[in-house]
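All remarks here apply to the structure that follows.
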Amino acid sequence: MIQNIQFENARAEVFSFDCGTEVKEYHAMIHVTMPRLPFAKQLEAVLAAYDQLISETLPGAQAVFKRYFLSDAANQQDEVVVADMTDCAKSIIQQAPLDGTKLALWVYLMTGVQTSITGSGLYAVSHGQFRHLWNGSAHNLAANSEYQTRLLFNEYNMQLLQEGCTLEANCIRTWFFVNDVDLNYGGVVRARNQFFFTQGLTVHTHFIASTGIGGRQADPNVLSQMDNYAIDGIQREQIHYLYAPTHLNRTSDYGVSFERGTRVDYQDRRHVFISGTASINNKGEVKYPKNIVKQTERMWENVEALLAEAECTYDNVCEMVVYLRDTADYGIVSDMYRERFPGRPYVIVHAPVCRPGWLVEMECMAVRQVSNPELPAF
């Protein structure tokens, strides 16, 4: 179910999933509706909308992950940190919403779960035999993007080990936000490739669903920021990787190491995580160079093929984040999304894609009800 709710100076699109158990899931995308307000007032409007959502529209729901999209992190990040005291993993990144506002917020919420911060610093969302481990805004100040990414993986690996998990068996999804992606993405790729190899992650085993995209932190010396998600208690037979070989090639063909998508099956539901996806064909070539309309359509087709491999459609999509290299393309892409996905939770932000020829990229999550009696419940 999708709801569109108006608040004072803000609006929200809310996706709800309820398969009859105590764990209901929600994704809310909260936008400011008065772009001329100063940042403090825009932040106040977003937080008031969030408070009203959980008190009136989604009673009993708890935030398990938040991502703030900011227009100017250097002048805004501190205010967000002080104002939002929610006890969940929070990602804060400069990727300006392209509707002319200063911020937007994506919130993932659940009912019937217990949340806590672990000794390792990861946020745990617990229900049944599973602990869903979230982390946001991890960063360091090593000398370059390669060293920063290597340290990020080293630290995350230690956190997982402390929780009785490993990167190879338990990590489901990562995000990398790269300051000046055209310059620094190569270092992120090298560090990831090398670290994965040390952990037994190869083209013959599996990689991890991921987005690597332009984005910056308040401190300009942070060149690589990482968010991540892992599941403690997950079994190998519950995890399946998505390839859509008719539309996409293996990422290893062009020297990078992530999966196009991952599905995770439980007794009652299926979660699908689609990595950052652009206008590419199954030979690894950019399709429709310099044509934003054709690239958007091919990107949609690629995502649709990945979803179909997980027996899902766009009707199962909970949220979408759309990244544009050129802000001048916002008007036409916004019109295309508004026509195809009216009312669905999405945000369009300014964030250059990792290959200059790609003008647009999107990622998404999906969920659908299933019946797998042999698997544990969510």
Side-chain angles (χ1 to χ4, degrees), residues 30 32 39-40 42-43 46-47 63 65-86 88-98 101-108 117 120-123 134-159 173-192 195 210-229 258 276 321-325 327 347-354 361 363:
I30 304 176
V32 176
F39 178 77
Q42 292 195 29
L43 177 60
V46 166
L47 294 178
F65 181 74
K66 288 184 173 183
R67 179 170 296 145
Y68 283 91
F69 305 91
L70 304 182
S71 63
D72 181 7
N75 288 299
Q76 299 164 349
Q77 184 170 310
D78 287 350
E79 289 189 53
V80 174
V81 171
V82 170
D84 188 342
M85 302 302 292
T86 311
C88 73
K90 286 189 278 289
S91 172
I92 304 173
I93 194 69
Q94 180 175 313
Q95 290 179 326
L98 288 177
T101 62
K102 294 180 179 292
L103 80 156
L105 173 62
W106 163 37
V107 191
Y108 183 19
I117 187 166
S120 69
L122 301 176
Y123 283 85
W134 289 91
N135 193 34
S137 297
H139 64 277
N140 59 69
L141 296 174
N144 56 50
S145 63
E146 183 173 351
Y147 291 166
Q148 288 188 15
T149 304
R150 190 179 302 169
L151 285 178
L152 286 171
F153 271 121
N154 285 338
E155 180 181 9
Y156 183 44
N157 195 49
M158 293 302 295
Q159 289 175 306
R173 183 72 160 90
T174 65
W175 292 261
F176 283 95
F177 303 107
V178 186
N179 189 354
D180 195 346
V181 70
D182 293 337
L183 179 65
N184 292 313
Y185 185 65
V188 174
V189 168
R190 287 190 296 274
R192 180 170 58 186
F195 190 81
S210 188
T211 297
I213 198 77
R216 61 166 290 170
Q217 220 229 23
D219 187 337
N221 297 302
V222 175
L223 306 178
S224 179
Q225 178 170 303
M226 182 185 189
D227 299 346
N228 43 63
Y229 168 59
F258 67 91
V321 181
V322 186
Y323 305 104
L324 287 184
R325 169 172 284 270
T327 60
V347 65
I348 304 175
V349 298
H350 180 222
V353 185
C354 63
E361 179 173 299
E363 63 177 61

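Atoms CG and CG, on Leu152 and Asp227 in that order, are 10.5 Å from each other to the nearest 0.5 Å. Remark: Asn75 CG to Leu70 CG distance equals 10.5 Å, nearest 0.5 Å. Residue Gln225 holds its CD atom at 14.0 Å from OG of Ser145, rounded to the nearest 0.5 Å. Met226 contributes atom CE, which lies 14.0 Å from atom NE2 of His139 (distance to the nearest 0.5 angstrom). With rounding to the nearest 0.5 angstrom, the CD atom of Gln159 is 5.5 Å from the CG atom of Asn135. Here the CZ atom belonging to Arg173 is positioned 3.5 Å from the OG1 atom belonging to Thr211, to the nearest 0.5 angstrom.
Remark: Lys102 does not engage Glu79 in a salt bridge, criterion side-chain N to carboxylate O under 4.0 Å.
Judged by distance alone, with hydrogens and angles left aside, the side-chain atoms of Gln76 form a donor-acceptor pair with the main-chain N or O of Ser71 at under 3.5 Å. A donor-acceptor distance shorter than 3.5 angstrom exists from the side chain of Gln148 to the backbone of Leu223, with no hydrogens or angles considered.
Between Ile92 and Gln77 the shortest heavy-atom distance is CG2-CG, 3.9 Å. Contact between Thr86 and Ala63 at its shortest, heavy atoms only, is CG2-CB, 4.0 Å. The minimum heavy-atom distance linking Thr174 with Ser210 is given by the pair OG1-OG, 2.8 Å. Gly214 approaches Ala351 most closely through the heavy-atom pair O-CB, 3.3 Å. Pairing each heavy atom of Ile93 with each of Gln217, the nearest pair is CD1-N, 4.4 Å. Among all heavy-atom pairs drawn from Trp175 and Asn228, the shortest one is CE3-N, 4.2 Å.
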Pairs under 3.5 angstrom only: tabulate donor-acceptor contacts from the side chains of residues 177-186 to other protein residues two or more places apart or in another chain.
from: Asn179; atom 1: ND2; to: Pro220; atom 2: O; distance (Å): 3.1
from: Asp182; atom 1: OD1; to: Arg325; atom 2: NH2; distance (Å): 2.9
from: Asp182; atom 1: OD2; to: Arg325; atom 2: NH1; distance (Å): 3.3
from: Asn184; atom 1: ND2; to: Asn179; atom 2: O; distance (Å): 2.5
from: Tyr185; atom 1: OH; to: Arg192; atom 2: NH2; distance (Å): 3.4

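Side-chain contact between Val347 and Val322: absent, with no pair of heavy atoms (C-beta onward) separated by less than 4.5 Å. Side chains of Phe39 and Val80 form a contact here, defined as non-hydrogen atoms less than 4.5 Å apart.
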Leu122/Trp134 under side chain to side chain contact (heavy atoms under 4.5 Å, CB included): CA gap, chis, key distance, verdict: CA-CA 6 Å; Leu122 301 176; Trp134 289 91; over 6 Å; no
Chi angles and distances behind the ring-ring contact (aromatic ring centres under 6.0 Å, His included) call for Trp106, Phe65: CA-CA 8 Å; Trp106 163 37; Phe65 181 74; 5.6 Å; yes
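The ring pair (Phe, Tyr, Trp, His ring centres under 6.0 Å) test applied to Phe195 returns Phe153, not counting sequence neighbours.
Identified under the salt bridge (charged side-chain N to carboxylate O under 4.0 Å, His left out) test for residues 212-224, with sequence neighbours left out: none.
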